[in-house]
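Contents: one structure, followed by commentary.
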Amino acid sequence: MDHFLYRDGTLHAEDVPLAKIAATVGTPFYCYSAATLTRHYQLFEQALASMPHLVCFAIKSLSNVAVLKLLGDLGAGMDVVSGGEYRRARAAGVPGERIVFSGVGKTREEMRLALQGGIRQFNVESEPELRALSEVAVSLGTVAPIAIRVNPDVDAKTHAKIATGKAENKFGIPITRAPGVYAEAARLPGIEVVGIDVHIGSQLTDLAPFEAAFARVADLTVALRAQGHAIRRLDLGGGLGIPYTRSNEAPPLPADYGAMIRRTVGHLGCEIEIEPGRLISGNAGVLVSQVIWVKRGEDRDFLIVDAAMNDLVRPSMYDAHHDIVAVAEPPAGSPTQPYDVVGPICETGDTFARGRDLPLLAEGDLIAFRSAGAYGAVMASEYNTRPLVPEVLVRDDHFAVIRARPTFDEILNRDTVPVWL
Ligand code: LLP
């Protein structure tokens, strides 16, 4: 459920007509609903309510500081994967003890930043990282709390580019090798083992792969405890999928996911951490765009819109489907026709949809790409020198620009011509 609905014949974000925002901000722009973000976060809170837990928002999915403040103020923790994301979480007022640091390639500088600024735990992904973290912590006279990310060799049954839990993926330490690495961690100065971490992939629409992975983590918890390690936290990652089409998809609900977690690891008495991104932010955002031209091709009509693959790369990168709707509500029973929906960028990959049935649209009409809150704005670029797409946050009947569109002067001034040229 989200808060982008037709009212009085026009698509609203909560109580604000998207056309009103378009008139003020220009197109394209991302628009997020505070009520939807809040609701989705709370669904996870409720799902885990029977266990000690922390819901850490995967800020890679939507990292605007205003959004992080909204979720942080509700009590959310944050899952960060870079020094930049760590800074964003802190700028949003989230205390270090609610921030977990994931990622396969943390640098010593990033370790230092988080150790000095405060951190709940590092999710360590390799032996060299573990040793470096020990050195950095000792040099700062502090102790780094860690979980080791294990790779359970489970097929997440999702798009190959976003599956992370198979042995062939770069992520985590093979679960079979974990006892040896925990033994080393226990011997290293400046390291305190607090738990186990696992994340098998994104946009999972079936609970079975999660359950298989979490069962392996439960077995590992028992084995590690028998070896004397104080495993008190389990970080179970993110990855729960969302419906991208309104009709035929029904991924498991957070409540079912929570019940499965309780069933597989609840008996261990650990504090549960999860790192959902997409389920919180995905359906809390739309990308609004305007039709530039309707172009008649040989055998099809192209809807050329002012958003492009640089603003929303998911269709060209993952063949992802995003529902597209007209901002002006089509009267019931009005005709539709198939369009190829494309952006202005000079490559054929700049295609959002082929043969998509839409109401009849004309130059100047507004459309919205639904389910664009996660991995939309954060993956945008300025390819073709198209200004980075702005972001707007709506709450009830008011809205604010939470990242402005850069001016062309700002863009050009970032380039420097060397004096010797
Ligand atoms: N935790 C870790 C360690 C992750 O790597 C990820 C996502 C998450 C949590 C959050 O997963 P989520 O709940 O959002 O599924 N750009 C791709 C998705 C990449 C996901 C990367 N890792 C897309 O647009 O589909």
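Worth knowing before you read on, the calculation uses all heavy atoms, side chains too, and leaves out hydrogens, waters and symmetry mates. For ligands, and for the atoms within them, numbers begin at 1 and follow the listed sequence.
- Asn384 and Cys346 get closest at one heavy-atom pair: OD1-N, 3.6 Å.
- Ligand-side atoms of ligand 1 in range of Ala58: 8 (C), 9 (C), 10 (C), range being under 4.0 angstrom from any heavy atom.
- Using modelled atom types, one side-chain atom of Asn169 and one backbone atom of Lys166 make a donor-acceptor pair closer than 3.5 Å.
- For Glu125, no heavy-atom contact with ligand 1 is shorter than 4.0 Å.
- Of the protein's heavy atoms, Glu275 O, 3.2 Å lies nearest to atom 9 (C) of ligand 1.
- Among protein heavy atoms, the minimum distance from atom 24 (O) of ligand 1 is reached at Arg314 NE, 2.6 Å.
- Note on Arg131 versus Glu184: salt bridge recorded, some NZ/NE/NH1/NH2 to OD/OE distance being below 4.0 Å.
- Using modelled atom types and a 3.5 Å distance limit, the side chains of Ser289 and Asp306 yield a donor-acceptor pair.
- Here the heavy atom of the protein found nearest to atom 4 (C) of ligand 1 is Lys60 NZ, 3.0 Å.
- Against a heavy-atom cut-off of under 4.0 Å, Pro276 is close to the following atoms of ligand 1: 13 (O).
- Residue Met379 places no N or O, backbone or side chain, under 3.5 Å from any N or O of ligand 1.
- For Ser202, a nitrogen or oxygen atom sits less than 3.5 Å from a nitrogen or oxygen atom of ligand 1, counting backbone and side chain alike.
- The aromatic rings of Phe214 and Phe210 lie tilted to each other, with the angle between the two planes from 30° to 60°.
- Of the protein's non-hydrogen atoms, the one nearest atom 19 (C) of ligand 1 is Ile162 CG2, 3.7 Å.
- With rounding to the nearest 0.5 angstrom, the CD atom of Glu129 is 10.5 Å from the CD atom of Glu127.
- For the side-chain hydrogen bond (donor to acceptor under 3.5 Å, both in side chains) with Tyr244, the qualifying choice from Gln203, Arg278, His322 is Arg278, the only one to do so.
- At a heavy-atom distance under 4.0 Å, atoms from both the backbone and the side chain of Arg278 approach ligand 1.
- Checking only distances, Gly239 does come within under 3.5 Å of ligand 1, N or O to N or O.
- At the shortest separation from atom 17 (C) of ligand 1 among protein heavy atoms lies Tyr318 OH, 3.1 Å.
- The shortest N or O to N or O distance between Tyr375 and ligand 1 is under 3.5 Å.
- Ring centers of Phe302 and Tyr339: at least 6.0 Å apart, outside the cut-off.
- Interface of Arg149 with ligand 1, defined as ligand atoms under 4.0 Å from a residue heavy atom, comprises 3 (C).
- When non-hydrogen atoms are compared, ligand 1 lies under 4.0 Å from neither the backbone nor the side chain of Thr164.
- Set against the non-hydrogen atoms of Gly277, the atoms of ligand 1 under 4.0 Å away are 12 (P), 13 (O), 14 (O).
- Nearest approach of Arg88 to Asn64, heavy atoms of both residues: NH1-CA, 4.0 Å.
- Partners of Val25 under the side-chain contact (heavy atoms from CB on, under 4.5 Å) rule, at least two apart in sequence or in another chain, are Ile21, Phe29, Pro390, Val392, Phe399, Val401, Arg405.
- Between Phe122 and Phe101, the two ring planes are parallel [angle under 30°; tilted spans 30° to 60°].
- Using 4.0 Å as the threshold, Asp79 has a heavy atom nearer than that to some atom of ligand 1.
- The protein heavy atom nearest to atom 8 (C) of ligand 1 is His199 CE1, 3.4 Å.
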